[in-house]
There are 2 protein chains.
Amino acid sequence: MYRVGIDLGGTNIVAGVVNDRHEIVAFAKCKTACPRPSEEIVADMARMTREAVKKAGITMDEVKGVGVGSPGVCNKDTGVVERAANLGFENLPICAMLSEMLGKKVYIENDANAAALGEFIAGAAKDVESCVCITLGTGVGGGVIIDGKVFAGSNFAGTELGHTVIVVDGEPCSCGRRGCWEAYASATGLIRQTRRAMEEHRDSKMWNIAGSLDKVDGRTPFEAMRAGDAAGKAVVDRYIYYIAVGLINMINIFQPEVLCVGGGICKEGETLLAPLRKYIDAEQFSKYSEKKTKLCVAALGNDAGIIGAAGLVE
Amino acid sequence: MYRVGIDLGGTNIVAGVVNDRHEIVAFAKCKTACPRPSEEIVADMARMTREAVKKAGITMDEVKGVGVGSPGVCNKDTGVVERAANLGFENLPICAMLSEMLGKKVYIENDANAAALGEFIAGAAKDVESCVCITLGTGVGGGVIIDGKVFAGSNFAGTELGHTVIVVDGEPCSCGRRGCWEAYASATGLIRQTRRAMEEHRDSKMWNIAGSLDKVDGRTPFEAMRAGDAAGKAVVDRYIYYIAVGLINMINIFQPEVLCVGGGICKEGETLLAPLRKYIDAEQFSKYSEKKTKLCVAALGNDAGIIGAAGLVE
């Protein structure tokens with residue numbers, strides 16, 4: 001049998017057909033195209049499901065069920081997305097709607113939780129019982145698996161690991177707080193830190209690399225560092241430290257077997273991981289424990305959300 | 001049947017006999033008197049157990065088992081305290097040692113976890129399935145109950161909630177990091193903040209209240225505030241804000257049904273709780289969720305550790 005996993009994002013709707021070995025055998029993808037009515041978005045999710053199934057060369061009869069990873073607060077008991085601000089969803093009974101369109105049982109989970117479940121089922125954390133997965137993207141997302149199950153708190157709004165303050169009175173965050181980890185360790189945070197450093201260092205190579213402040217992206221300071229630019233290196237060093245501070249917080253809280261870090265920044269590989277490991281070794285509360293959390297890079301990339309969403313289907 | 005709970009602290013060893021209604025029917029207490037050999041400490045734990053049992057007017061035959069709440073990393077599977085720095089324990093097989101002395105099965109858990117379990121069994125969180133308990137004392141301790149069970153991470157070193165950084169590059173912490181929540185929200189942190197404010201405000205009533213910098217305690221700024229002292233009020237306001245920042249972090253992570261706050265500072269009651277609730281209402285990620293974490297004060301005080309430790313006995 002097959003399962004369909006849908007990764008619903010602010011930019012794209014991606015449906016994937018997943019086989020029993022947790023491999024994606026076919027994809028279908030369209031733009032989310034927000035803002036538009038939620039009914040249209042859900043109709044496109046159903047359309048992408050059928051299209052992916054067709055591409056896989058199977059029929060809907062061979063699909064056991066459909067899982068959805070959605071932004072926001074997703075109540076898996078009721079099948080309702082209680083709130084997903086960037087999609088404009090409020091108390092949307094997404095499972096019932098999709099189920100009626102597809103004639104299949106539909107399951108829901110928060111997208112960061114679904115990605116964590118994907119890494120747990122078939123990725124970087126597949127041989128353990130507990131893991132924390134952090135995605136460093138536009139924001140900072142977190143998913144936690146405890147005793148083999150997604151942990152989402154009593155109201156399904158839990159493990160917003162990016163929305164924990166690491167700098168009291170710090171940078172404003174999209175959640176309304178100041179100084180959240182997300183405001184420092186996300187690509188958005190890195191870009192802000194890079195622009196500030198460029199304004200302070202008019203002679204930095206970052207100006208040549210980016211061209212202008214508008215064109216700065218997450219790679220700018222890394223490229224400058226590799227070109228021997230001191231200001232670029234300082235931005236990278238500080239950014240990695242901000243990531244480390246939050247990762248160590250999560251180890252001190254959860255002590256998972258595996259701490260898995262994903263997102264675009266992970267393409268930097270050891271440039272990122274080596275200093276992170278050094279900070280973690282020095283600062284974690286469990287530095288004297290025999291059993292320590294293993295830090296690793298997410299293995300499934302963007303597929304984690306689809307494989308995890310498919311894994312919701314029982 | 002009865003159970004014995006032992007609260008092993010850096011200052012006192014307290015054993016309590018607990019009945020089936022989770023009530024303590026007798027206590028025995030002696031000084032921990034560190035530093036001294038761990039064998040002597042364990043022998044005193046056995047002695048206090050027998051003394052409490054005698055005071056309760058029962059015999060050891062009526063005791064089902066003994067539970068211990070100890071500082072440090074406590075491996076409940078092996079019965080070993082892997083490390084408790086303030087007691088000088090390293091890989092101490094405390095359950096085997098006590099069991100041999102008492103002829104009873106002995107269970108171990110970290111002291112903050114045991115206190116959380118106590119509040120969960122018989123205190124402020126007794127009618128829920130998940131809670132986070134924070135103790136604001138000399139340090140900041142945390143215990144987490146998920147689905148009715150103590151959560152301590154894969155290596156039993158977890159939920160060190162006080163050792164999460166809220167101020168990058170902030171005050172030094174006993175754990176080796178800088179800027180931990182504990183360094184700001186503990187009584188130790190409050191005393192440091194109070195002393196600094198006194199040095200900055202030589203005319204503050206805090207000088208009259210404490211007498212000198214050496215005699216400052218956690219009550220000093222609260223008393224000054226009540227006497228109309230602006231510097232005292234500023235210290236209290238800021239201290240409560242530091243507490244709130246960490247509490248909101250914990251809500252955003254765990255979304256427990258109940259968040260229970262204990263420790264000496266809780267005697268301030270609504271002086272503390274009213275502003276905390278205001279911060280939580282404004283800043284928590286789940287501010288739009290129907291189901292929110294309930295903030296309350298720990299109900300069992302120092303008894304929580306004993307009742308929780310006794311509750312470890314199966």
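All chains are named by letter (A, B, ...) in the order of the sequence lines, taking the proteins before the strands, and each is independently numbered beginning at 1.
Heavy atoms of A:Tyr184 lying under 4.5 Å from chain B are absent altogether. Heavy atoms closer than 4.5 Å to chain A are found in the side chain of B:Tyr241, but not in its backbone. For chain A, the nearby parts of B:Ile248 are the backbone and the side chain; heavy atoms of each come within less than 4.5 Å.
To the nearest 0.5 Å, atom CD1 of residue A:Ile253 and atom OG1 of residue B:Thr159 are 9.0 Å apart. Here A:Thr164 contributes atom OG1 and B:Ile251 contributes atom CD1; the two are 13.0 Å apart, rounded to the nearest 0.5 Å. Taken from CZ in B:Arg177 to OH in A:Tyr279, the straight-line distance is 12.0 Å, to the nearest 0.5 Å. The structure places CD of B:Glu82 at 10.5 Å from OG of A:Ser286, a figure rounded to the nearest 0.5 Å.
Counting non-hydrogen atoms of neighbouring residues, nucleotides and ligands closer than 6.0 angstrom, the NZ atom of B:Lys278 reaches no more than 12 such neighbours.
Per-residue counts of heavy-atom pairs under 4.5 Å with chain B were compared for A:Val144, A:Leu161, A:Val128, A:Asp169; the largest is that of A:Asp169. Of the listed residues (B:Ile146, B:Val165, B:Asn75), the greatest number of heavy-atom pairs within a distance under 4.5 Å of chain A belongs to B:Val165.
The side-chain heavy atoms of A:Asp147 and B:Lys149, taken from C-beta on, include a pair separated by under 4.5 Å. When side chains are defined from C-beta on, A:Val168 counts as touching B:Arg238, because their heavy atoms get closer than 4.5 Å. For the pair A:Glu290 and B:Val73, the minimum side-chain heavy-atom distance is 4.5 Å or more.
Nearest heavy-atom pair, A:Phe285 versus B:Cys175, reported as atom, atom and distance to 0.1 Å: CD1-CB, 4.3 Å. Considering every non-hydrogen atom in both B:Ser130 and A:Ser154, the closest pair reads OG-CB, 3.9 Å. Of all heavy-atom pairs between B:Phe151 and A:Phe254, the closest is CZ-O, 3.6 Å. Shown here for B:Asn249 and A:His163, the closest heavy-atom pair between the two residues is OD1-O, 4.2 Å. Here the closest non-hydrogen pair linking A:Ala157 and B:Gln255 is C-CG, 3.5 Å.
Remark: the backbone N or O of A:Glu160 is not paired with any side-chain donor or acceptor of B:Asn252 at under 3.5 angstrom.
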